[in-house]
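Heavy atoms only: backbone and side chains are in, while hydrogens, waters and symmetry mates are out.
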Amino acid sequence: MNLLSINKLAKIGREKPLFTDVTFGLNEGDKAALVGRNGTGKSTLLNCIAGVLTPDDGNVVFNRSCKVSFLPQTPAFCPDDTIRSHIFKSDSPKLAVIREYEEICTKLGTGSGKNAVIQAQFEKLNRQMEEGDLWNYESQISSILTTLGITDMNRRMSQLSGGMIKKVALAQVLVEDSKLLLLDEPTNHLDITTITWLQEYLKNTDRSVLMVTHDRYFLDNVCNNIYELARARVKLYQGNYSTYLEKKQIEAEIEENTDRRIESVLRVERDWLLRGPCARGTKAKARIQRDMQLINREKFAKDKGFAFEVAGRRLGGKILELNKVCKNFPKGFAGSKDGKTSPVLKDFSYIFSKGQKIGIFGDNGTGKSTLLNLITGKIQPDSGTIVKGENTVFGYYEQNPVFKDTSLTALEYIKEAAEFISMNNGKKLSAAQFLEEFGFEGKIQHSPLASLSGGEKKRLLLVRLLISNPNFLILDEPTNDFDIFTMNILEQFLAGYKGCLLVISHDRYFMDKVADTLFILENDGCVSGFAGKCSEYLEYRDEKRKEEILQKQAKQAEKQKEELKDRPTESEQDSAKPKKLSFKEQKEFEQLEKDIETLENRKAELEQLMSGGETDFSKIGEISKEYQEISIQLEEKYKRWEELA
């Protein structure tokens, strides 16, 4: 069944159309991704489809039965909202019933249960929960929230870290009763554990997906269609991301070969045209017309590349030393529990060596960004020392950098750092020429920072950072918002970088390329090391977890075996039994039988009352309390009866 039809969609950008005549559709079960260079309009196209932006031309049609859920690149939220109120803001009918039911239950819990109106509402909502099978739906929601690590639903959105805000926004989308998911950079700010879970969820769900993401492992495992947005047009490549790359390579070779053949033909035709042929004949006219079409054709043009560069600065003997560094979350911080301090780092010591490339791995909230802020002096440790070498120059790329003045143009922003920049080859470039080297050409240099796409802003920040020629690069989520083309170039640059590198990234492919050692940050503040790639660590961690599960099962089996071994045999039990009860014990045994019978009868009466539709919650509470007390008494009396019997 067709869920989405897009017909001749168009949107004008800064200088020219971002996209025109975009026409495609999605069917049930389709898992598709939009890929393309930064600034080509991927997020704009997704926002037009979601109805957030109005296209300049064309239309978007959804199937009547198809509800759509949209995850924007930067989730919007009210800081005062709790996680619960944010998630249940959806207009989904099912979520509305669950929300109303929870609100009624809260009112009943405050002592308003005797109000006839509230009781009538409760009964109505209870029927709706039963009829719509919403008890099962509610348990599915709880499962998603628990998997994403969202347990305290009463926390304010303003208290959450960037990763947790993304998780809550993702949870809001996933719990909705929708057939189509529109996801813009769903993996940004998520830890690798959550990304792996989300990858499997989207791969196995019946819901259709259209997303923008630059996570190559994610694309490969989830998508069966790739839509490339380039030259203002969208083109479909069936298959996953690896298949897309193969088809693009073949396509480029065919276009180059075709272009060479046409140029060869045109050399002969140009000579003929220069001889001034008589154009009065029909054949000559047709030949000239054909030649002009070939000359004016849309020529194959490779995407212009660029390369990140630093001139290179010498590192000294001492680079960076950390000695027993400790840091705790202060009271009230988003990571603290119950208002108490919680350790981020516990006695962490390390001496950095030349050329080290270390990746930092850990779940959201384990303090990865905090470690970088400690190293760069943005925050101070509670104890311990951090000593930087005299020749060490940090280049710190922050996770959520903020431009002080977004009215500045890209050129003015670079000129703030330097009017002229020296390159590796000794050339000196003006700020404008320097920007051109990094793909900022034409009017974009004079565009205000506020008008740049997310990826363009991040690339500009990185370019300015490299002007300072650092010999110790510290990168916090550098791949967020970058297109795959830019990430490939960044990977090549970091692979050949001679200085030290400390990087946080949740892009597994990127981490495999640039880091050969990992710092593993645990939830208790401890830091361990792993000599190997990110994918190797994930395999090791999975194997370790499997071993722990097997060991736990083996221990349980051994414990059960020991318990059976220590349990007396039937013959031993028989010999241990007294041959004859005393008079007192005989009387106790007879009384127990009577008491058990009376309690069992009362228990049955209480069960009938609980299932009889009683709506007075004070009575229900009393009945439930008595039922629990009788159950405990019966258990004790049966135990004694067995001993005497």
Result block: side-chain N/O donor-acceptor pairs under 3.5 angstrom for residues 164-171, not counting sequence neighbours:
unit_1: K166; atom_1: NZ; unit_2: Q73; atom_2: O; d: 3.4
unit_1: K166; atom_1: NZ; unit_2: E185; atom_2: O; d: 2.9
unit_1: K167; atom_1: NZ; unit_2: L148; atom_2: O; d: 3.3
unit_1: K167; atom_1: NZ; unit_2: D191; atom_2: OD2; d: 3.3
unit_1: K167; atom_1: NZ; unit_2: T194; atom_2: OG1; d: 3.4

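- Two residues are said to be in side-chain contact when any heavy atoms from C-beta on lie closer than 4.5 Å; Y396 and N373 meet this criterion.
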Next item on the list: Might you work through the side-chain hydrogen bond (donor to acceptor under 3.5 Å, both in side chains) test for T243 and N240, ending with a clear yes or no?
Entry: CA-CA 5 Å; T243 307; N240 63 4; 2.9 Å; yes
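- Checked against ring-ring contact (aromatic ring centres under 6.0 Å, His included), Y244 has the following partners two or more places apart in sequence or in another chain: Y237, Y241.
- Counted within 6.0 Å of CD on E253, heavy atoms from surrounding residues, nucleotides or ligands total more than 12; the atom is thus considered enclosed.
- Here F434 contributes atom CZ and F440 contributes atom CZ; the two are 10.5 Å apart, rounded to the nearest 0.5 Å.
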May I have the list of side-chain donor-acceptor pairs in residues 319-326 shorter than 3.5 Å, sequence neighbours left out?
none

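- Looking only at distances, a side-chain donor or acceptor of D512 sits under 3.5 Å from a matching main-chain atom of S535.
- Heavy atoms of other residues, nucleotides or ligands lying less than 6.0 angstrom from NZ of K457 number more than 12.
- D476 has no carboxylate O lying under 4.0 Å from a charged side-chain N of K368, or vice versa, which leaves the two without a salt bridge.
- In this model, no donor atom of one side chain and acceptor atom of the other lie less than 3.5 Å apart for H189 and E477.
- With N391 contributing its side chain and L315 its backbone, the two residues share no donor-acceptor pair below 3.5 Å.
- Here CD1 of I375 is found 6.0 Å from CZ of F472. Values are rounded to the nearest 0.5 Å.
- In this structure the side chain of L45 reaches within 4.5 angstrom of the side chain of V234, judged on heavy atoms.
- Counting only heavy atoms from C-beta outward, the side chains of M487 and R216 approach each other to under 4.5 Å.
- Residue pairs satisfying the ring-ring contact (aromatic ring centres under 6.0 Å, His included) criterion with at least one member in residues 353-385, sequence neighbours excluded, are listed as follows: F361-Y537.
- Ion pairing of K404 with E416 is absent here, as no side-chain N (NZ or NE/NH1/NH2) approaches a carboxylate O to less than 4.0 Å.
- Residues meeting the ring-ring contact (aromatic ring centres under 6.0 Å, His included) test with Y350, sequence neighbours left out: F352, F519.
- Side-chain contact between V222 and V209 is absent, with no heavy-atom pair separated by less than 4.5 Å.
- Residues that satisfy the ring-ring contact (aromatic ring centres under 6.0 Å, His included) test with F77, not counting sequence neighbours, are absent from this structure.
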